[in-house]
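Structure record follows, encoded as structure tokens.
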Amino acid sequence: MRILMASAEASPFAKTGGLADVTSSLSKALADRGHEVAIVIPKYLMIDRNGFRSEPIDIPLLTRIGGEEQTGWIHRGTLPGSDCQVYFVTNDHYFNRNGLYQENGKDYPDNLERFVFFCRGVLELIRSEEFVPDILHCHDWQTTLLPAYLESNYEAIHQSTQSMKTVFTTHNIAFQGFFPRDQFETTGLPWTLFTPDGVEYYGDMNLMKAGLVYSDAVTTVSERYASEIMTPEYGCGLESVLLSVKDRVHGILNGVDYDLWNPETDSQIDSNYSLKDLSGKRRCKAALQKKVGLPEKADVPLLGSVGRFDRQKGLDLVADIMENLLLRGEGQFVILGAGDPEIEKQFQRLQESFPERVRVRTGIDEELAHQIQAGVDMFLMPSRFEPCGLAQLYSLKYGTVPIVRLTGGLADTIRDFNDAQKDGFGFVFNKADSKELLKAVERAISVFRDKTAWESLMKRGMAQDFSWDVSAERYEALYTQLMQED
Ligand code: ADP
Ligand code: GLC
């Protein structure tokens, strides 16, 4: 099969979160199963800055957006560690910026135009016949205009795309691509699509809806989240739309690329280690404490978090319980994240009050993310909602015990510790409040003091397999089924 992944992010080129990891690791997994897979993303400034090479190919882009002529090219490169081609849609005006979607916590005001240009670039790539896919797999709202353009037969897309099927994966129903009605013409879509069963949403435009209603199949990234989003509590207003396309919605759990996230081979951590020999993990803890400037104490539980500073992640709950624990002299904390400046300030204040016990690092730092996964004892992920979550899966592999809330993919992947039955490999709590989180952390700390129990808990986690094997097969089955439909 020929599969084209259209996404706003792909690791290692451009990443703000798990979407980037999934775009690339799913592509690799499908390519390993014998499919021809290519990725297409915008060419952001950071891609050049980070030294990734790509060559322009002869596909000029020329389109009118908002009354202005916009031009660009398609560039081509390869995904490191695979044979997958990566296509980059270039346009200096839209993509030569410091951020992917925003700067200083503020979305770019022309995000709609930027992703209109991107989607039209993807269509040109297909039309040029450089890569004509059987399956066009679109990720998140930035790419949902693709099924909408195909629905509207945008500028008579080439014959060869007639049999092409579209899959839309929503990685997070909270980010919907919501724009005012008066920007609808920017999309170039006919007004016939601006209806309640199209992209119209309470009078304005909701691009997520385009993905849900115009794709041949919809997936999201865990089974539990697939049913959660059909409820008012988690559906972010789209629950009834989701219910109306229920038969086309599939929950397929994300996998992990263990070529990149594996303490046995990871070149970004201080010492490699494995289930059989955990001594390297102790060295990683000491190295992390040293690197961030915390006292090197093996017996003090070191708790960490790597994630977007966003209400979703429940980091305000973490800040609440840290104060409580720190006042009692419990634990050390390393927090890495970027996003909401208020959350950042909360952690900065804790660092100022408890400099011997708290380190906060802001910004995107891939190397430090790996070092935290390897170096901490416990990983905090008390998300209010979590479509899948990759960070807790990375923790397991690194012998770091995840403390998570019972929601979405966290609930589907982490089994609560049960001392009596010698079962479970994390600590799971139910309600999104700091008291419940505190209880889970206290439970974890008391097990941590029993070295034997802790080590077997770590090892049970390390033995879990969340590779792509099963999930890539599920995507493959879905694609196959779609191709058999007329
Ligand atoms: P989400 O996609 O909701 O942000 P996931 O757990 O699926 O959550 O994926 C988060 C990914 O982003 C992980 O690979 C994590 O290591 C990475 N990440 C998040 N914040 C940072 C950061 N500040 N620096 C480096 N990596 C980060
Ligand atoms: C989103 C979700 C996260 C998921 C990731 C990759 O950002 O918040 O839970 O793991 O996408 O699918």
Side-chain angles (χ1 to χ4, degrees), residues 5 7-12 14-27 46 50 99-101 137 139-142 168-176 208 219-226 228-229 234 236 251-258 260-261 266 268-269 304-315 334-340 343-344 347 360-374 376 379-398 400 402 404-405 407-414 466 468 471 475:
M5 298 284 176
S7 180
E9 302 185 18
S11 295
K15 167 168 172 176
T16 66
L19 168 66
D21 290 3
V22 171
T23 303
S24 298
S25 58
L26 172 60
S27 300
M46 65 160 74
N50 293 333
L100 267 56
Y101 320 114
H137 191 149
H139 297 264
D140 279 352
W141 71 261
Q142 296 88 348
F168 168 55
T169 297
T170 170
H171 293 260
N172 193 334
I173 206 81
F175 298 110
Q176 300 183 357
M208 175 80 78
T219 76
T220 189
V221 288
S222 68
E223 288 192 9
R224 174 143 171 159
Y225 190 64
E228 283 175 349
I229 54 179
Y234 288 101
C236 296
I252 305 179
L253 192 72
N254 286 333
V256 173
D257 182 348
Y258 288 128
L260 300 176
W261 292 94
D266 193 332
Q268 305 190 75
I269 61 177
S305 161
V306 178
R308 290 179 291 111
F309 286 167
D310 185 292
R311 207 185 122 74
Q312 171 190 348
K313 300 288 173 185
L315 290 170
V334 184
I335 311 284
L336 168 65
D340 185 345
I343 299 179
E344 186 180 323
F347 286 122
V360 184
R361 293 284 183 272
T362 52
I364 298 283
D365 187 339
E366 187 70 22
E367 186 182 75
L368 185 58
H370 283 249
Q371 291 166 348
I372 291 177
Q373 289 289 9
V376 303
F379 192 86
L380 295 160
M381 206 158 163
S383 308
R384 289 196 165 77
F385 64 93
E386 195 60 72
C388 176
L390 295 170
Q392 85 281 11
L393 304 179
Y394 300 155
S395 298
L396 290 177
K397 190 69 181 173
Y398 284 75
T400 291
V404 305
R405 189 169 101 73
T407 185
L410 299 174
D412 281 357
T413 56
I414 305 299
F466 286 101
W468 270 105
S471 297
Y475 276 110

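Quick caveat, the model's predicted, so the values are computed rather than measured. We count ligands from 1, going down the list as the structure has it; atoms in each ligand are counted the same way.
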- Test side-chain contact (heavy atoms from CB on, under 4.5 Å) applied to Y394 and I372, T400, V256, the passing residue: V256
Show me the short polar-atom pairs for ligand 1: any N or O of it lying under 3.5 Å from a protein N or O, with distances only.
unit_1, atom_1, unit_2, atom_2, d
ligand 1, 2 (O), G18, N, 2.6
ligand 1, 3 (O), R308, NH2, 2.7
ligand 1, 3 (O), K313, NZ, 2.8
ligand 1, 4 (O), R308, NE, 2.8
ligand 1, 6 (O), L390, N, 2.9
ligand 1, 6 (O), A391, N, 3.1
ligand 1, 7 (O), L390, N, 3.1
ligand 1, 8 (O), K313, NZ, 3.0
ligand 1, 9 (O), G18, N, 3.2
ligand 1, 14 (O), K15, NZ, 2.9
ligand 1, 14 (O), D21, OD2, 2.9
ligand 1, 23 (N), G363, O, 2.8
ligand 1, 24 (N), D365, N, 3.0

- Where do H137 and Y475 land on the ring pair (Phe, Tyr, Trp, His ring centres under 6.0 Å) test, with the steps shown first? CA-CA 10 Å; H137 191 149; Y475 276 110; 5.5 Å; yes
- Which atom of Y234 lies closest to which atom of I229, heavy atoms considered: O-CG2, 3.9 Å
- Note on the structure: Checking T407, L253, L410, D412 against R224 for side-chain contact (heavy atoms from CB on, under 4.5 Å), the one that qualifies is D412
- Note on the structure: Exactly one of D257, T169, L390 clears side-chain contact (heavy atoms from CB on, under 4.5 Å) with V22, and that residue is L390
- Relative to Y258, does K397 satisfy both conditions: NZ or CZ under 6.0 angstrom from the six-membered ring centre, and within 45 degrees of the ring's axis? yes
- Query: Run the side chain to side chain donor-acceptor pair (under 3.5 Å) check on E386 and Q312 step by step: do they pass?
  - Reply: CA-CA 7 Å; E386 195 60 72; Q312 171 190 348; 3.1 Å; yes
- If you count only heavy atoms, which residues are under 4.0 Å from ligand 2? G18, L19, V22, H171, N172, V221, N254, R308, Q312, E386, P387, C388, G389, L390
- Inspect the surroundings of CZ in R311 and state if more than 12 heavy atoms from other residues, nucleotides or ligands are less than 6.0 Å away. no
- Check step by step if side chain to side chain donor-acceptor pair (under 3.5 Å) holds for E9 and T16. CA-CA 8 Å; E9 302 185 18; T16 66; 2.5 Å; yes
